[in-house]
Structure formats: C-alpha cells, structure tokens
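Here's the structure, in structure tokens; my notes come after.
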Amino acid sequence: MATVVVAQIGFEGRHGVTAAERAGTRRFEVDVELDVPVDAAERSDRLSDTVDYTQVSELIVGLGTGEPHHLLESLARRMIDALVERFAGVTRVRLELRKFQPPACPG
C-alpha cells in the first residue's frame, strides 16, 4: 500500500452560496491523497497497474468546472466519491479543497 499525492490541481469554478458567486468564476485548488495498492506497479513498472495522475487531475477539474455547488463540502464529497469509483483498490482518500478570495471574508 502507498499514498499517491497529487497537489495543487487548479481550476476556475462557479461554486458558492449566493447567486452572485455562481454568476462568475473564481479560482479553486485541490490536493488529493489516495491510499492504493501498488504491488503490481512496483513489479511491472506499467502505468496501467497504478493510479494515473493525469486521470486524477482530469476528474477533479471536470467536476470543479462542471455543475455549480452551493457548498464546498458537497463538491468535495462528489470528488471523493468519483475518485473511489474510478480507481479500484482505493482504501482512503484525503481531499483538501481551497476557494480563493471568497466574498465577505476579511483578509
């Protein structure tokens, strides 16, 4: 078992509680850690035997730039569920989703 980390996956999305937030895009960023079995990949040295970072990023960006969510928690849950469904053998997912320059937040 190993932890695969893909960090700083960035995208522009329309997520937020208010209609004004969802009217325009803002910057988001995701870090994701996946605990996956890597025995086969260690022996074969083939990408098909492990998690493809490109596919992880494409999945995250596709969801992030897709359907707007009111809450980051809802968007993060959708991302986690999609990762578990897409990559066989995932035993743990840690996902950090950041929203840059949220309105009405000082600083």
Which heavy atom of [X] sits nearest a heavy atom of [Y], and at what distance?
X     : Y      : value
Arg26 : Phe100 : CD-O, 3.6 Å
Arg22 : Val17  : NH1-O, 2.6 Å
Asp31 : Ala7   : OD1-CA, 3.3 Å
Pro37 : Gly89  : CD-O, 3.2 Å
Ala76 : Leu97  : N-CD2, 4.1 Å
Leu83 : Val90  : O-CG2, 4.5 Å

Any donor-acceptor N/O pair, His15 side chain to Gly64 backbone, under 3.5 Å: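 Yes, His15 side chain to Gly64 backbone: donor-acceptor pair under 3.5 Å.
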Are any side-chain N or O atoms of Arg14 and backbone N or O atoms of Pro68, one a donor and one an acceptor, separated by less than 3.5 Å?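 No, because the side chain of Arg14 does not come within donor-acceptor range (under 3.5 Å) of the backbone of Pro68.
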Is Glu21 close to His70 at the side-chain level, that is, under 4.5 Å between some pair of heavy atoms?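 The answer is no; the side chains never approach within 4.5 Å.
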Straight-line distance of [X] [atom1] to [Y] [atom2], nearest 0.5 Å:
X     : Y     : atom1 : atom2 : result
Leu72 : Met79 : CG    : CE    : 9.0 Å
Arg78 : Leu63 : CZ    : CG    : 7.0 Å
Glu85 : Leu59 : CD    : CG    : 9.0 Å

Please list all pairs passing the salt bridge (Lys or Arg N to Asp or Glu O under 4.0 Å) test where one or both residues lie in residues 46-62, with sequence neighbours left out.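 Passing the test, one end in residues 46-62: Arg46-Asp49.
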Parallel, tilted or perpendicular: ring planes of Phe11 versus Phe28, cut at 30 and 60 degrees: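 If you compare the ring of Phe11 with that of Phe28, the planes turn out parallel.
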Identify the residue among Val5, Val6, Val32, Ile9 that makes a side-chain contact (heavy atoms from CB on, under 4.5 Å) with Tyr53.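 Testing each of Val5, Val6, Val32, Ile9 against Tyr53, the sole residue satisfying side-chain contact (heavy atoms from CB on, under 4.5 Å) is Val6.
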Thinking salt bridges, do [X] and [Y] make one under a 4.0 Å N-O criterion?
X     : Y     : result
Lys99 : Glu29 : no
Asp35 : Arg94 : no
Glu33 : Arg92 : yes

